[in-house]
Amino acid sequence: MDKLIIEGGKRLEGTVEISGAKNSSLPILAATFLSREPSVIKNVPQVADVFTMVKIMKSLGAKVQHNGNTVEVDPRNVKNPVLTYKLVSTMRGSICFLGPLLARFGEVQVSFPGGCVIGQRPIDLHLKGVRTLGADVKLEHGYVVAKCKKLKGTRVYLGGSFGSSVLGTGNIMMAAALAHGKTVIDSAACEPEVVDLGNFLKKMGAKIDGLGSPSIEIEGVKKLTGAVYSVIPDRIEAGTYIIASAMTKGDVTIKNIDLRMLGAMLDKLKDAGVIITEKNGHARIRRERVLRPVSVTTLPYPGFPTDLQAQMMAMMCIVPGISVITEKIYPERFMHVSELNRMGANIMLEGHSAIVSGRKTLSGAPVMASDLRASAALVLAGLVAEGVTDVSRVYHLDRGYENLVAKLQSLGANIKREKE
Ligand code: EPU
């Protein structure tokens with residue numbers, strides 16, 4: 001296993017380019033299976049979750065060529081719609097095969113994914129969705145076994161106790177694209193990654209209205225074609241570099257960014273004293289001399305994203321004053337708290353909120369990451385801590401950040417990767 005060694009205290013300066021969105025790429029790659037024709041997906045980040053996706057697609061019988069940031073999928077020979085526990089347990093996002101495989105083959109078996117460190121990850125909304133479209137769904141020996149003759153369009157309400165579901169909306173949108181008649185998804189997720197998937201489906205010939213709103217209408221079609229499509233930039237990666245620049249008192253220009261997708265976060269950062277300017281489609285991040293504490297509550301889009309909660313907390317650790325960070329999507333997503341405290345932060349957990357008493361500095365320490373975004377938060381903390389921080393279990397970061405070490409090095413960070 002590899003670890004990252006970071007010597008804190010370097011100001012980040014320069015230009016960094018954001019990669020394609022991981023959380024768009026995964027369902028879009030699964031959606032290619034809705035057609036019998038090849039598709040070409042561009043701007044796909046080279047991250048471990050994408051490599052896993054490619055492995056799964058090949059194991060299902062597809063021909064896949066993966067060159068750099070382009071993935072060509074020929075799904076003609078996909079035959080065996082079974083996703084084993086071994087495949088699903090390495091990446092929970094593989095649940096997004098449920099809708100497309102069911103719609104194309106009339107049957108699918110997907111291993112039940114179970115929980116993970118960021119909390120329970122139920123799939124009841126996915127199952128409710130395909131059942132409402134007419135599938136017979138059983139849970140057998142740890143597998144979801146879904147069958148249907150022909151899915152039928154209808155009205156589906158997809159709101160859950162924690163709001164809408166991103167991959168749930170994606171799954172039902174994909175299934176409904178080939179269903180008979182019209183489907184309306186109420187309480188649909190409005191995340192840009194859902195819009196991106198919908199735009200890819202439209203390029204394949206799907207008829208979809210209302211993307212980006214809580215009510216999506218899909219008129220089923222008989223078949224979908226292959227398509228060439230380029231994935232949107234990764235708003236969570238962009239948000240992570242924005243925070244990195246602000247924390248290190250840096251001056252970083254970010255290319256391939258869409259600031260419209262980061263409204264809630266930018267609003268909070270401006271309140272904190274971060275200066276964000278846009279020119280020729282690039283964003284420049286600077287900050288006022290002293291930052292102010294801000295309180296944040298994560299919510300479904302367009303609210304503050306849960307995937308930037310840990311990084312925002314890392315920043316608040318070095319802003320004197322009290323900030324309260326409340327998690328409303330994954331109420332247990334606080335695994336980074338104890339590790340940040342090991343670095344000298346002062347964070348107290350109170351229910352689903354973290355109360356951060358910011359101080360001037362953090363102190364470098366060996367820390368262990370528990371999930372992708374928690375790991376990113378520890379890297380950010382390491383960039384500003386006094387002394388050396390070792391972040392172990394780098395494989396979490398590999399799942400979602402393309403070339404993280406090289407990108408940070410190019411901005412002047414003192415960071416390297418080593419075998420543990
Ligand atoms: N939920 C249910 N029932 C369901 C599905 C979800 O109760 O059937 C709950 C979840 O437990 C959670 C909330 O609804 O409390 C939202 O979950 P959602 O379904 O939206 O999450 P997801 O689609 O499984 C995607 C991202 C996550 C991101 C969430 C929320 C991918 C591959 N994953 O997961 O990304 O945190 O949306 O925005 O798209 C990450 O990139 O680090 C990551 C975890």
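All ligand and atom numbering here is 1-based and tracks the order in the structure.
- Distances below 4.0 Å separate heavy atoms of His126 from the following atoms of ligand 1: 8 (O).
- In Val166, the parts holding a heavy atom less than 4.0 Å from any atom of ligand 1 are both the side chain and the backbone.
- Closest to atom 8 (O) of ligand 1, if we only count protein heavy atoms, is Leu125 N, 2.7 Å.
- Heavy-atom distances between Pro122 and ligand 1 reach below 4.0 Å in at least one pair.
- For Ile329, heavy-atom contacts with ligand 1 shorter than 4.0 Å involve the backbone as well as the side chain.
- Annotation for ligand 1: atoms under 4.0 Å from non-hydrogen atoms of Arg121 are 24 (O), 34 (O).
- Heavy-atom contacts from other residues, nucleotides or ligands closer than 6.0 Å to OH of Tyr143 number more than 12.
- The proximity of Lys22 to ligand 1, defined as any non-hydrogen pair under 4.0 Å, is limited to the side chain.
- If you number the atoms of ligand 1 from 1 as listed, the ones under 4.0 Å from a heavy atom of Leu372 come out as 42 (O).
- Heavy atoms of Ser164 approach ligand 1 to within less than 4.0 angstrom.
- Summary of contacts: the protein heavy atom closest to atom 14 (O) of ligand 1 is Phe162 CB, 4.0 Å.
- Ranking the protein heavy atoms by distance from atom 41 (O) of ligand 1 puts Arg373 NH2, 2.8 Å first.
- Look at Glu193 and you'll find every heavy atom at least 4.0 Å from all atoms of ligand 1.
- The line from CG of Asp2 to NZ of Lys416 is 13.0 Å long, rounded to the nearest 0.5 Å.
- For the pair Asp371 and Arg373, the salt-bridge criterion is not met [side-chain N within less than 4.0 Å of a carboxylate O].
- An N or O contact shorter than 3.5 Å links Asp307 to ligand 1 by distance.
- Regarding atom 3 (N) of ligand 1, its nearest protein heavy-atom neighbour is Asp124 OD1, 2.7 Å.
- Between the side chains of Asn23 and Glu191, no donor-acceptor pair of N or O atoms lies under 3.5 Å.
- No hydrogens or angles considered: nothing links the side chains of Lys55 and Thr90 as a donor-acceptor pair under 3.5 Å.
- Using a 4.0 Å cut-off between heavy atoms, Thr306 contacts ligand 1 through its side chain alone, with no backbone atom that close.
- Residue-to-ligand polar distances place Leu167 within reach of ligand 1: an N/O pair is separated by less than 3.5 Å.
- The local environment of NZ in Lys10 is sparse, with at most 12 non-hydrogen atoms from other residues, nucleotides or ligands closer than 6.0 Å.
- A 6.0 Å sphere centred on NZ of Lys328 holds no more than 12 heavy atoms belonging to other residues, nucleotides or ligands.
- Protein heavy atom in closest approach to atom 32 (C) of ligand 1: Asn23 OD1, 3.4 Å.
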Practice prompt. Check step by step if side chain to side chain contact (heavy atoms under 4.5 Å, CB included) holds for Leu87 and Ser59.
Written response: CA-CA 9 Å; Leu87 292 174; Ser59 81; 3.5 Å; yes
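- For the pair Ser165 and ligand 1, a heavy-atom separation below 4.0 Å is found.
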Item to complete: Please lay out, stage by stage, how Lys22 and Asp307 fare under the test salt bridge (Lys or Arg N to Asp or Glu O under 4.0 Å).
Response: CA-CA 12 Å; Lys22 164 183 88 80; Asp307 291 343; over 6 Å; no
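- For atom 10 (C) of ligand 1, the closest non-hydrogen atom on the protein side is Tyr330 CE2, 3.9 Å.
- More than 12 heavy-atom neighbours from other residues, nucleotides or ligands sit within 6.0 angstrom of CZ on Arg342.
- Annotation for ligand 1: atoms under 4.0 Å from non-hydrogen atoms of Arg333 are 36 (O), 42 (O), 44 (C).
- Every N/O-N/O distance between Gly93 and ligand 1 stays at or above 3.5 Å.
- For the 3.5 Å distance criterion, the side chains of Glu327 and Thr298 qualify, holding a donor opposite an acceptor.
- For NZ of Lys128, the number of neighbouring non-hydrogen atoms (other residues, nucleotides, ligands) closer than 6.0 Å is greater than 12.
- Within 6.0 Å of CZ in Arg76 there are 12 or fewer heavy atoms belonging to other residues, nucleotides or ligands.
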